[in-house]
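The structure under discussion appears below in the form of structure tokens.
The structure presented is a predicted model; accordingly, all values stated were derived computationally and were not measured.
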Amino acid sequence: DNYFEVLESIGDSIQKLEHKLVKLTDTETLRLIEEEKRKLVELRKTVLPLKDVTSHLEKLKSPFLDSENHHYFADLKENCLAVLEEVEAHKQILEGLANLYYAVQGQRMNEIMKMLTIVSSIFIPLTFIAGIYGMNFEHMPELEWTYGYGLVIGVMIVVAILMSIYFVRKGWWGKQK
């Protein structure tokens, strides 16, 4: 019966981990999930032999055991089976939490990569324009214009703004549609 108290405390720990997993404030969560899984494995290793012993005692016909006590052994065996079922259920929940942790981490990584891609997509054309005008050609007509420098800077600003608007309208940047 005390094993049920242990299972209840592990169940409470699992619920705390679920709430912590949603927030994802640290990498400690995955370590705690694995720690709870190890506790369940140890509990299973303890209860499994106990189930076998109680099953054997239930069926045992011995002059040292009163036949009226056989129903107690049956109850013990049923409790052991219930504990083992709870252990397996908690293990499955913890495995699901670990998978969820990895999925959320992957999603966060995808969001970071998306933002880096957007920034790169905006600055690559600007770098191209700056690269062309950085090549010291002698016969570029706009180099002789009074407002050539301002025009190139203006074109670069317009390109950056247009690409930013495009990414916002597509829903890739800013609020999602």
Side-chain angles (χ1 to χ4, degrees), residues 3-47 83-177:
Y3 289 131
F4 287 110
E5 293 175 14
V6 172
L7 278 172
E8 188 175 327
S9 72
I10 290 174
D12 292 342
S13 297
I14 290 173
Q15 285 182 341
K16 289 177 187 173
L17 286 172
E18 285 175 337
H19 294 297
K20 192 173 186 178
L21 186 65
V22 172
K23 295 177 186 175
L24 279 179
T25 55
D26 58 9
T27 56
E28 184 77 5
T29 306
L30 189 60
R31 188 189 66 74
L32 292 173
I33 289 172
E34 293 302 321
E35 187 177 300
E36 292 300 321
K37 281 167 76 173
R38 278 193 299 273
K39 285 180 190 176
L40 288 171
V41 168
E42 288 176 23
L43 184 61
R44 186 175 189 278
K45 285 180 182 178
T46 304
V47 174
V83 166
L84 289 172
E85 287 175 10
E86 284 288 319
V87 165
E88 290 303 316
H90 286 327
K91 274 179 52 178
Q92 287 179 348
I93 290 169
L94 286 170
E95 287 170 4
L97 286 176
N99 290 337
L100 178 62
Y101 178 84
Y102 289 125
V104 170
Q105 290 293 346
Q107 182 64 26
R108 289 177 74 199
M109 182 64 76
N110 287 342
E111 290 296 320
I112 291 169
M113 293 303 294
K114 182 174 81 171
M115 186 54 69
L116 290 174
T117 302
I118 289 171
V119 169
S120 296
S121 297
I122 290 172
F123 280 100
I124 286 174
L126 303 180
T127 305
F128 176 73
I129 293 170
I132 287 176
Y133 283 96
M135 290 189 224
N136 300 326
F137 288 119
E138 289 181 26
H139 302 291
M140 292 178 78
E142 55 271 18
L143 292 178
E144 302 296 323
W145 296 348
T146 307
Y147 301 107
Y149 179 75
L151 178 67
V152 171
I153 296 295
V155 167
M156 292 171 79
I157 290 171
V158 168
V159 167
I161 290 172
L162 288 176
M163 291 190 76
S164 299
I165 290 171
Y166 175 77
F167 289 131
V168 168
R169 285 195 178 163
K170 281 287 202 178
W172 297 346
W173 193 12
K175 288 188 175 183
Q176 299 292 328
K177 288 185 179 179

* To do: Please name the pair of heavy atoms, one in Met163 and one in Ser121, separated by the smallest distance, quoted to 0.1 Å.
  => CE-O, 2.9 Å
* To do: Please assess Lys39 against Glu42 for the test salt bridge (Lys or Arg N to Asp or Glu O under 4.0 Å), listing each intermediate value before the final yes or no.
  => CA-CA 5 Å; Lys39 285 180 190 176; Glu42 288 176 23; over 6 Å; no
* Asked: Do you know which of Ile118, Val119, Thr117 makes side-chain contact (heavy atoms from CB on, under 4.5 Å) with Phe167?
  -> Ile118
* Quick one: does Ile124's side chain get under 4.5 Å of Phe128's, heavy atoms only? -> no
* Asked: CG of Leu40 to CD of Gln92: how many Å apart, nearest 0.5 Å?
  -> 11.5 Å
* Structure fact -> The side-chain contact (heavy atoms from CB on, under 4.5 Å) partner of Val158 among Leu162, Ile161, Val155 is Leu162
* Asked: Should Met115 and Trp173 be marked as a side chain to side chain contact (heavy atoms under 4.5 Å, CB included) after you check the CA-CA gap, both sets of side-chain angles, and the distance that decides it?
  -> CA-CA 8 Å; Met115 186 54 69; Trp173 193 12; 3.5 Å; yes
* Asked: So which heavy atom on Val159 is nearest to which on Pro125, and how close?
  -> CG1-CB, 4.0 Å
* Distance in Å, Gln105 CD paired with Leu100 CG, rounded so as to fall on 0.5 Å steps -> 10.0 Å
* Decide if atom CD of Glu88 counts as having more than 12 heavy atoms of other residues, nucleotides or ligands within a radius under 6.0 Å. => yes
* Tell me, with the steps shown, if Leu43 and Leu7 meet side chain to side chain contact (heavy atoms under 4.5 Å, CB included). => CA-CA 9 Å; Leu43 184 61; Leu7 278 172; 3.7 Å; yes
* Any chance you could measure Glu8, atom CD, to Ile10, atom CD1, to the nearest 0.5 Å? => 11.0 Å
* Flag the pair Glu34 and Lys37 as a salt bridge only when some basic side-chain nitrogen lies within less than 4.0 angstrom of an acidic carboxylate oxygen. => yes
* Measure the spacing between CD1 of Ile14 and CG of Leu97 and express it to the nearest 0.5 Å. => 7.0 Å
* Asked: Hey, what do you get for OG (Ser13) to NE2 (His90), rounding to the nearest 0.5 Å?
  -> 9.5 Å
* **Exercise: identify the closest heavy-atom pair between Ile122 and Leu126** => O-CG, 3.4 Å
* Is Gln107 close to Glu111 at the side-chain level, that is, under 4.5 Å between some pair of heavy atoms? -> yes
